[in-house]
Each structure stands twice: as structure tokens, then as C-alpha cells.
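Below is one structure, written out as C-alpha cells; the observations come after it.
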Number of protein chains: 2
Amino acid sequence: MRVRTPTDVGLSIRERRKALQLDQAELARRVGVSRQWIIGIEKGKARADFSLVMRTLDALGIVLWAEDENSAAAQQTGDPLPFSAVRIADVLAAHRGAGAGQ
Amino acid sequence: MRVRTPTDVGLSIRERRKALQLDQAELARRVGVSRQWIIGIEKGKARADFSLVMRTLDALGIVLWAEDENSAAAQQTGDPLPFSAVRIADVLAAHRGAGAGQ
DNA sequence: AACCGATGTCCGCGATCGATGACAACACAG
DNA sequence: CTGTGTTGTCATCGATCGCGGACATCGGTT
């Protein structure tokens, strides 16, 4: 999902935590923060420590991508599955081979 | 690019700032932070305020995506140019039309 | 009812943040 | 060489963070 605000990240974290069937205490232990902090982040705490957020995403297996909005295909097209629908490398190889050059 | 650490974000920010031909002072003004803070972030400052980072990415037109690592096609294949080399939507359309359907 | 796990709130504390201002290092144009 | 713009460092200071601990709430179980 597209991430714009601390609230977006909070939702991603909470959803993923529940999907993994972890409670806040266990996630806190794995990330190395207090349960307090997990509560705050999931609620969209505005001024959170960035490195702790990264560690939390990592602990949950959430991958973060940064890209120029002008080359964000998904935004331009509204495609909801920019990454998972196909194996990008295969598609690119075929496309390039067809003469579309990179 | 894939973002794992504060350093990754710092590099993204610095590259994009230079691409837009902004100096640190101007970026700081637009984001509403001190120039000092921009310097720190670009150097990969570990414990930065998350909401300020988001505002900075926004000011630079950098889009952030979060997804489950198990569906991250680009990571699985190691493709270094998942977004910028071609117009993904066009490639996908052609690929699907060729019978490779998702 | 009593018990339990999970979640969320409140307090106080030490640590760290981000802002400000002054200054150094460096490149470059005049 | 002198001036100018950009980047980076240092010191100070008020504001805020994240932590531990105690406590309240809620739902489910026995």
C-alpha cells in the first residue's frame, strides 16, 4: 500500500502483526522497544523514532520502496498490484527482447 | 529503490534534492525544518522524527510503498530497475496480451 | 462470579531531539 | 585576492521521546 502519513504506517504494522498472530508484547520484544511504543505507532503516533519504525517493519517482513512519483506507474495507471501480479524481471526481459530497448 | 535503513532514505533524499536543483536551505524551508536537520537526514541520522521524514519525502515528490516481502517480485529476482527503466503499465499490458496473463 | 490475556492510559525519569546562531572548509566567479 | 554560495560542525536550550511500572478496560474461559 501507498504510505503517506504515520497513520498509514500504523495501519500497515497493525494489520501485519495480526496476520502473523503476534500480540503487542511479543512484537515489542522482537523489535526491542516497549509495548507502549508499539501502541503509539499503531495509533499513528506522529513523532516517532524513524529507525525504530524501520526495525519494526523489518521484524514484520514489510518491505519499503521509495521512488520518484513521476515514474510511479501504479499512480499514473491506478494499477493496484504494481509488484505482486507478475515477475517483473521476466516481463522486462521479454519486453526488451522484443525491441523496446531499455 | 528498496529502503531498509535511515541511510537508504538519506541517499534517496539527497539524490532527489540535487535532481531538483534545490540546496539544503531551500528544502529545509519547504519542509519546515532547520537546515541542520536536512544535513542530518541526508547523512543517515539514525533517530529522526518519522513525520518529518514523511514530509520531506512528500516535498521532494518521493512516493513510499509498503508491502509484504513475500509478494515482492523485484526482491525475489534482484532486478535493479523495477520502476524507472520503462513504463511498467505498458509492458504489463503487452505481456498479458501475449498470453502470459497473471 | 472469578480469572485471564490483550489492549490502552497515566505518571515520572533520563536521554535525545530539533531549532538557533556562529563559524570553518571548500569551490567558484569576478 | 575578494566576495559569494553551499555544505558541514559545534554549543546551547527548551521540548519531546521512549522506558518502566502501575492501573483500567474489555472479551473470553472456567
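Proteins come first, then strands; the chains are lettered A, B, ... in the order of their sequence lines, and each starts at number 1.
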Calculate the interatomic distance between [X] atom [atom1] and [N] atom [atom2]; express it in whole Å.
X: A:Arg29; N: D:dC19; atom1: CZ; atom2: C1'; answer: 18 Å
X: A:Ile39; N: D:dC17; atom1: CD1; atom2: C1'; answer: 16 Å
X: A:Lys43; N: C:dT7; atom1: NZ; atom2: P; answer: 13 Å
X: A:Asp23; N: D:dC26; atom1: CG; atom2: C1'; answer: 16 Å

Keeping A:Arg55 on the side-chain end and A:Val31 on the backbone end, is there a donor-acceptor pair under 3.5 Å?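 Flag set: sc A:Arg55 to bb A:Val31 pair under 3.5 Å.
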Sidechain-backbone polar pair: A:Arg17 side chain, A:Leu22 backbone, donor-acceptor under 3.5 Å: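 Side chain of A:Arg17 to backbone of A:Leu22: a pair is present.
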Classify A:Arg55 by what it touches in the nucleic acid, base, sugar-phosphate, or nothing, heavy-atom distance under 4.0 Å.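 Answer is nothing: A:Arg55 stays at 4.0 Å or more from every strand.
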Listed by chain and number, what are the side-chain hydrogen bond (donor to acceptor under 3.5 Å, both in side chains) partners of A:Ser12, not counting sequence neighbours?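 None.
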Reading 5' to 3' through nucleotides 12-30 of chain C, protein heavy-atom contacts under 4.0 Å coded B for base, S for sugar-phosphate only, - for none: ----SSSSBB---------
Can B:Asp68 and A:Arg16 be counted as an ion pair, charged N to O under 4.0 angstrom?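 Between A:Arg16 and B:Asp68 there is a salt bridge, with a charged N closer than 4.0 Å to a carboxylate O.
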For A:Arg29, check side-chain contact (heavy atoms from CB on, under 4.5 Å) against everything at least two apart and list the hits.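 Counting only residues at least two positions away or on another chain, A:Arg29 forms a side-chain contact (heavy atoms from CB on, under 4.5 Å) with A:Glu26.
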Distance test, side-chain N/O of A:Arg17 to OP1/OP2 of C:dT7, below 4.0 Å: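 A:Arg17 to C:dT7 OP1/OP2: side-chain N or O found under 4.0 Å.
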